[in-house]
Asks: 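Below is a structure I'd like to ask you about.
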Amino acid sequence: QVQVVESGGGLVQPGGSLRLSCAASGWVNRMSWYRQGPEKGREFVALISGDGGLTNYADSVKGRFIISITETMDTGYLQMNNLTLDDTGVYYCGARQYSWMSDSWGQGVQVTVRS
């Protein structure tokens, strides 16, 4: 099972941008991002196939966030633009090498949007 580590979180003002990184210990078949706000359940954010050919976005982030993955299929990014207060939360990266595996999850990074 791969291990993943997220980075790039922090404090930004509304309308600002952040880029999160997800470094996996090896190549992955797919990579996804979920988040959990202070009083919210886990929410799907975005998903990308290992080859980068397929992407999915939650309606709440569509048009603002861009998910990507490197050609080596071991590092992913979540570019977050036009951030709002509702984007605040802990962001988790999950990844797997085969479809029959469960995702490996990172420890999460805090993203705080405030003035």
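Residue numbers start at 1 and run along the sequence shown.
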Asks: Of Trp33, Tyr91, Tyr34, which meets ring pair (Phe, Tyr, Trp, His ring centres under 6.0 Å) against Trp105?
Replies: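 For Trp105, the ring pair (Phe, Tyr, Trp, His ring centres under 6.0 Å) test succeeds with only one of Trp33, Tyr91, Tyr34, which is Tyr34.
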Asks: Do Val109 and Ile66 sit in one hydrophobic cluster, given that two such residues count as connected whenever their side-chain heavy atoms are within less than 4.5 Å of each other, even indirectly?
Replies: yes
Asks: CG of Leu11 to OG1 of Thr88: how many Å apart, nearest 0.5 Å?
Replies: 8.5 Å
Asks: Should Leu20 and Tyr92 be marked as a side-chain contact (heavy atoms from CB on, under 4.5 Å) after you check the CA-CA gap, both sets of side-chain angles, and the distance that decides it?
Replies: CA-CA 10 Å; Leu20 305 183; Tyr92 299 92; over 6 Å; no
Asks: Quick one: do Met80 and Asp87 satisfy side-chain contact (heavy atoms from CB on, under 4.5 Å)? Show the steps, please.
Replies: CA-CA 9 Å; Met80 305 186 295; Asp87 293 318; over 6 Å; no
Asks: If you compare all heavy atoms of Val113 against all heavy atoms of Leu85, which two are closest, and at what distance to 0.1 Å?
Replies: O-CD2, 3.0 Å
Asks: CD1 of Ile69 to SG of Cys22: how many Å apart, nearest 0.5 Å?
Replies: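 Nearest 0.5 Å value for the CD1-SG distance: 8.5 Å.
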Asks: What is the distance from atom CG of Leu83 to atom CZ of Arg114, rounded to the nearest 0.5 Å?
Replies: 14.5 Å
Asks: Could you grab the distance from atom CG of Asp51 to atom CD of Glu71, nearest 0.5 Å is fine?
Replies: 11.0 Å
Asks: Mind listing the closest non-hydrogen atom pair of Thr70 and Asp74 along with its distance?
Replies: OG1-OD1, 3.4 Å
Asks: When the side chains of residues 37-48 are checked against the rest of the protein, which donor-acceptor pairs come out under 3.5 Å, sequence neighbours left out?
Replies:
from  : atom 1 : to    : atom 2 : distance (Å)
Lys40 : NZ     : Asp86 : O      : 3.3
Glu43 : OE1    : Arg35 : NE     : 2.8
Glu43 : OE1    : Arg35 : NH2    : 3.4
Glu43 : OE2    : Ser60 : OG     : 3.3

Asks: Listing request: all side chain to side chain donor-acceptor pair (under 3.5 Å) pairs with a residue in residues 1-25, at least two apart in sequence or in separate chains.
Replies: Ser17-Asn81
Asks: Please determine whether residues Val90 and Leu18 belong to a single hydrophobic cluster, defined as Ile, Leu, Val, Met, Phe, Trp and Tyr linked transitively by side-chain heavy-atom distances below 4.5 Å.
Replies: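 No.
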Asks: Are Val61 and Val111 connected in a single hydrophobic cluster, I mean Ile/Leu/Val/Met/Phe/Trp/Tyr linked by side-chain heavy atoms less than 4.5 Å apart?
Replies: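 Linked, Val111 and Val61 end up in one cluster.
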Asks: For residues 95-102, which side-chain donor-acceptor pairs fall under 3.5 Å, sequence neighbours excluded?
Replies:
from  : atom 1 : to     : atom 2 : distance (Å)
Arg96 : NE     : Met101 : O      : 3.4
Arg96 : NE     : Asp103 : OD1    : 2.7
Arg96 : NH1    : Ser99  : O      : 3.2
Arg96 : NH1    : Met101 : O      : 2.9
Arg96 : NH2    : Asp103 : OD1    : 3.4
Gln97 : NE2    : Trp27  : O      : 3.0

Asks: Closer than 3.5 angstrom, by distance alone: can the side chain of Tyr57 be matched with the main-chain N or O of Arg64 as a donor-acceptor pair?
Replies: no
